[in-house]
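Report on the following structure.
For this chain, numbers begin at 1 and follow the sequence in order. These numbers come from the heavy atoms of this one structure, side chains and all, not from hydrogens, waters or symmetry mates.
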Amino acid sequence: MVRAGLTTERLVRAGAELADEAGFEQVTLSAVARRFDVRVASLYSHLKNSHDLKSRIALLALQEMADRASEALAGRAGKDALDAFAGVYRDYARAHPGRYEAARYRLDPETAAASAGGRHAQMTRAILRGYDLTEPDETHAVRLLGSVFHGFVSLESTGGFSHSAPGSEESWTRILDALDALLRTWPTPGR
């Protein structure tokens with residue numbers, strides 16, 4: 001018998017809230033069951049296991065970020081688009097640290113292919129079209145941007161920049177300026 005009021009969506013949202021409050025590693029079926037004052041067995045009608053729950057939280061986070069990025073990019077191009085896109089990731093990580101971590105959760109290939117992750121790549125490539133990159137450089141640039149955004153946000157979230165001047169906001173701005181300059185003058189192999 002399915003417990004009244006429990007749905008997969010409510011359980012996933014509760015798991016996402018728990019991730020933001022306590023950290024993604026703290027998300028378990030037991031912890032979510034406690035939030036609803038039910039036994040873990042009551043969740044099995046909706047979720048297979050903790051991996052299923054974490055995968056669904058990852059999908060939720062990817063979707064939320066893709067939706068925000070899509071809104072932020074509307075009508076923008078070049079450096080303006082790059083700044084807006086990067087800002088979405090940083091702002092999301094600040095507002096939803098557990099969900100941001102969840103977005104990095106390893107999904108099986110089929111689930112990943114059906115996720116909003118593809119939208120992230122498409123938006124990144126749309127930004128890069130303004131910089132006239134061709135393959136394979138466009139793929140290298142997608143990887144560079146993802147690495148820089150995630151690396152900065154991850155270090156900032158753990159206090160990695162809080163003990164020295166200048167402040168992280170100034171560094172963020174300068175890094176985005178440097179990325180824009182690099183993308184406009186992307187090196188050609190053999191040069």
Side-chain angles (χ1 to χ4, degrees), residues 1-74 84-127 139 142-162:
M1 179 175 184
V2 176
R3 175 93 178 195
L6 289 184
T7 65
T8 304
E9 182 179 349
R10 284 189 69 209
L11 294 170
V12 170
R13 290 231 172 250
E17 290 167 10
L18 175 62
D20 287 339
E21 294 164 12
F24 187 59
E25 68 281 350
Q26 300 302 316
V27 175
T28 63
L29 289 179
S30 297
V32 172
R34 281 192 296 275
R35 287 188 167 232
F36 289 93
D37 196 27
V38 298
R39 294 176 188 249
V40 173
S42 300
L43 276 56
Y44 288 120
S45 298
H46 307 283
L47 300 163
K48 295 175 191 168
N49 49 39
S50 285
H51 174 70
D52 183 31
L53 173 62
K54 287 185 170 192
S55 293
R56 289 172 186 268
I57 295 169
L59 293 172
L60 172 68
L62 288 167
Q63 185 66 49
E64 288 176 343
M65 285 193 295
D67 291 345
R68 290 176 186 194
S70 181
E71 280 184 34
L73 289 174
F85 191 67
V88 166
Y89 284 89
R90 188 174 183 217
D91 292 345
Y92 190 84
R94 288 173 162 177
H96 301 289
R99 291 180 209 204
Y100 182 80
E101 186 180 345
R104 304 290 172 255
Y105 190 65
R106 187 176 192 103
L107 300 171
D108 66 76
E110 187 176 303
T111 302
S115 77
R119 285 181 59 204
H120 293 262
Q122 289 171 344
M123 287 184 277
T124 306
R125 288 179 185 280
I127 292 166
T139 296
V142 168
R143 293 172 180 167
L144 171 70
L145 293 179
S147 299
V148 171
F149 299 161
H150 179 65
F152 189 95
V153 166
S154 296
L155 288 168
E156 183 179 45
S157 71
T158 59
F161 305 133
S162 62

Who are the salt bridge (Lys or Arg N to Asp or Glu O under 4.0 Å) partners of Asp91, not counting sequence neighbours?
none
I want to check something: taking the side chain as every heavy atom from C-beta on, are [X] and [Y] in contact at a cut-off of under 4.5 Å?
| X | Y | result |
| --- | --- | --- |
| Ile57 | Tyr105 | no |
| Ser45 | Leu6 | no |
| Pro97 | Asp20 | yes |
| Leu145 | Phe85 | no |
| Leu53 | Thr28 | no |
| Arg68 | Tyr89 | no |

Near Glu71 CD, under 6.0 Å, is it more than 12 heavy atoms from other residues, nucleotides or ligands?
no
Do you know the tightest heavy-atom contact between [X] and [Y]?
| X | Y | answer |
| --- | --- | --- |
| Thr8 | Arg56 | CG2-NH1, 3.4 Å |
| Ala58 | Ala102 | CB-O, 3.1 Å |
| Ala72 | Val88 | CB-CG2, 3.5 Å |
| Asp67 | Arg119 | OD1-NH1, 2.8 Å |
| His46 | Leu11 | CB-CD1, 3.6 Å |

Nearest-0.5 Å distance that lies between atom [atom1] in [X] and atom [atom2] in [Y]:
| X | Y | atom1 | atom2 | result |
| --- | --- | --- | --- | --- |
| Asp52 | Thr111 | CG | OG1 | 9.0 Å |
| Gln122 | His120 | CD | NE2 | 10.5 Å |
| Leu155 | His150 | CG | NE2 | 9.0 Å |

Who are the side chain to side chain contact (heavy atoms under 4.5 Å, CB included) partners of [X], not counting sequence neighbours?
| X | answer |
| --- | --- |
| Ala86 | Phe149, Trp172, Leu176 |
| Leu60 | Val12, Arg13, Ala16, Glu64, Arg99 |
| Val40 | Leu29, Ser30, Ala33, Tyr44 |
| Arg35 | Ala14, Glu17, Leu18, Glu21 |

Which word best sums up how the rings of Phe161 and Phe152 line up, parallel for under 30°, tilted for 30 to 60°, or perpendicular for over 60°?
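Tilted, since the angle between the ring planes falls between 30° and 60°.
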Pairs touching residues 100-118 that satisfy salt bridge (charged side-chain N to carboxylate O under 4.0 Å, His left out), sequence neighbours left out:
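Passing the test, one end in residues 100-118: no pairs.
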Determine whether a donor-acceptor pair (N or O, by modelled atom type, separation under 3.5 Å) exists between the side chain of Ser70 and the backbone of Ala66.
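Checked: no pair found.
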Check: Val38 main-chain N/O paired with Ser42 side-chain donor or acceptor under 3.5 Å
no
Can you list the steps and then say if Arg94 with Ser157 is a side chain to side chain donor-acceptor pair (under 3.5 Å)?
CA-CA 7 Å; Arg94 288 173 162 177; Ser157 71; over 6 Å; no
Is the centre of the His96 ring less than 6.0 Å from the centre of the Tyr100 ring?
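No, they do not, as the ring centres are separated by 6.0 Å or more.
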